[in-house]
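One is the number of the first residue; the rest follow in order along the sequence.
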Amino acid sequence: WGILFSHPRDFTPVCTTELGRAARLAPEFGKRNVKMIALSIDSVQDHLSWCKGRFPHSKGCRRSPRRLGGTYVTSQSVRVLKFRAGVGKVFSIFMEQPTKSRVFIFGPDKKLKLSILYPATTGRNFDEILRVVDSLQLTAYKKVATPVDWKPGDSVMVVPTLPDEEAKKLFPKGVFTKELPSGKKYLRYTPQP
């Protein structure tokens, strides 16, 4: 799993808070086997200066000039990144509007699972990004979907394509159906597997 997020420039207040939060949450992303890369249009030298000024006590800044906690900050050419990731269209989108902040989440199959576009004036919610990773990983391996406002540990929805008999076998903790005025029984829930 991988997260690629752009930040328009070094030395900007919103991006500074975002990278700080990403660095603090790096152990949580690491527990989920997620690698994070922050992509910037600035030079490595700018990253070093920014890192030293904003994160003077960060072990990541001392270990590697382009690494902050578990987050890699890169200014490699877009051409090199396109080649390495094999996702040229995504990287082209990154560079079309460098004043926008983007988040892309890729699965182990190297396919794009989520993309979010933020204006540069709005900081990203990394708790939400972590929640989305939990949902993506759960739904990738189990025949469930996560309902609105789902949080890890909440009940999940059984996918509609799964027949009732198979659902009962797959989810031994039980499957319950929410009653709807229409009488349809497609809102099936089960405790999170």
Side-chain angles (χ1 to χ4, degrees), residues 1-7 14 18 21-22 24-39 70-72 81-82 84-97 100-193:
W1 291 87
I3 296 179
L4 183 62
F5 59 98
S6 67
H7 64 102
V14 174
E18 290 177 336
R21 183 68 174 145
R24 284 190 301 279
L25 284 175
E28 288 301 315
F29 284 102
K31 287 177 192 174
R32 292 156 174 85
N33 199 27
V34 175
K35 304 245 188 257
M36 293 189 292
I37 298 175
L39 179 66
T71 306
Y72 289 90
L81 288 171
K82 282 182 187 180
R84 288 186 180 164
V87 287
K89 290 180 183 174
V90 171
F91 287 101
S92 296
I93 292 168
F94 258 123
M95 302 316 285
E96 285 172 7
Q97 296 175 318
K100 305 288 188 218
S101 298
R102 292 169 172 78
V103 177
F104 295 106
I105 300 178
F106 296 91
D109 58 0
K110 298 183 181 175
K111 291 185 179 176
L112 181 65
K113 304 300 182 187
L114 172 96
S115 67
I116 306 173
L117 174 67
Y118 290 84
T121 56
T122 302
R124 288 167 271 207
N125 184 330
F126 278 85
D127 291 325
E128 170 62 5
I129 294 168
L130 194 61
R131 184 193 78 86
V132 168
V133 166
D134 287 336
S135 173
L136 289 169
Q137 290 181 340
L138 176 65
T139 59
Y141 303 116
K142 304 290 183 182
K143 293 184 178 189
V144 297
T146 55
V148 64
D149 297 329
W150 172 86
K151 294 179 196 74
D154 289 354
S155 290
V156 295
M157 302 175 90
V158 178
V159 293
T161 56
L162 191 65
D164 286 335
E165 290 307 313
E166 192 177 339
K168 288 176 187 174
K169 291 177 190 171
L170 275 178
F171 305 112
K173 293 181 183 175
V175 175
F176 59 95
T177 304
K178 182 171 181 164
E179 295 296 325
L180 297 171
S182 67
K184 297 194 182 228
K185 301 191 179 287
Y186 65 91
L187 290 182
R188 299 178 298 166
Y189 292 84
T190 189
Q192 180 179 326

Run the salt-bridge test on Arg131 and Glu128 with the 4.0 Å N-O cut-off and return the result as yes or no.
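Yes.
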Would Glu165 and Lys169 pass as an ion pair if we require N to O under 4.0 Å?
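Result for this pair is no, no salt bridge flagged.
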Taking atom CG of Asp154 as the centre, report whether more than 12 heavy atoms of other residues, nucleotides or ligands fall under 6.0 Å from it.
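Atom CG in Asp154 is packed in, count exceeds 12.
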Minimum heavy-atom separation for Ser155 and Phe176, please, with both atom names.
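Reported closest heavy-atom pair: OG-CZ, 4.1 Å.
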What is the minimum heavy-atom distance between Val158 and Ala167, and which atoms define it?
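Looking at all heavy atoms of both residues, the shortest contact is CG1-CB, 4.0 Å.
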Would Arg32 and Trp1 satisfy side chain to side chain contact (heavy atoms under 4.5 Å, CB included), going step by step from the backbone distance to the final call?
CA-CA 8 Å; Arg32 292 156 174 85; Trp1 291 87; over 6 Å; no
Measure the spacing between [atom1] of [X] and [atom2] of [Y] and express it to the nearest 0.5 Å.
X      : Y      : atom1 : atom2 : answer
Lys151 : Asp134 : NZ    : CG    : 12.5 Å
Leu114 : Ile129 : CG    : CD1   : 8.0 Å
Arg21  : Leu25  : CZ    : CG    : 4.0 Å
Lys35  : Leu4   : NZ    : CG    : 14.5 Å
Arg124 : Leu117 : CZ    : CG    : 10.0 Å
Met36  : Ile3   : CE    : CD1   : 6.5 Å

Validation: residues 184-193 side-chain donor-acceptor distances under 3.5 Å, sequence neighbours left out:
residue: Arg188; atom: NH1; partner: Leu162; partner atom: O; Å: 2.9
residue: Arg188; atom: NH1; partner: Asp164; partner atom: OD1; Å: 2.7
residue: Arg188; atom: NH2; partner: Val159; partner atom: O; Å: 2.8
residue: Arg188; atom: NH2; partner: Leu162; partner atom: O; Å: 2.7
residue: Thr190; atom: OG1; partner: Gly174; partner atom: O; Å: 2.6
residue: Gln192; atom: OE1; partner: Gly153; partner atom: N; Å: 2.6

Can you tell me if Glu28 uses its side chain to pair, donor with acceptor, with the backbone of Leu130 under 3.5 Å?
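A pair under 3.5 Å: no.
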ring-ring contact (aromatic ring centres under 6.0 Å, His included): which pairs involve residues 124-159, sequence neighbours left out?
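For residues 124-159, and leaving out neighbouring residues, the ring-ring contact (aromatic ring centres under 6.0 Å, His included) pairs sorted by first residue read Phe5-Phe126.
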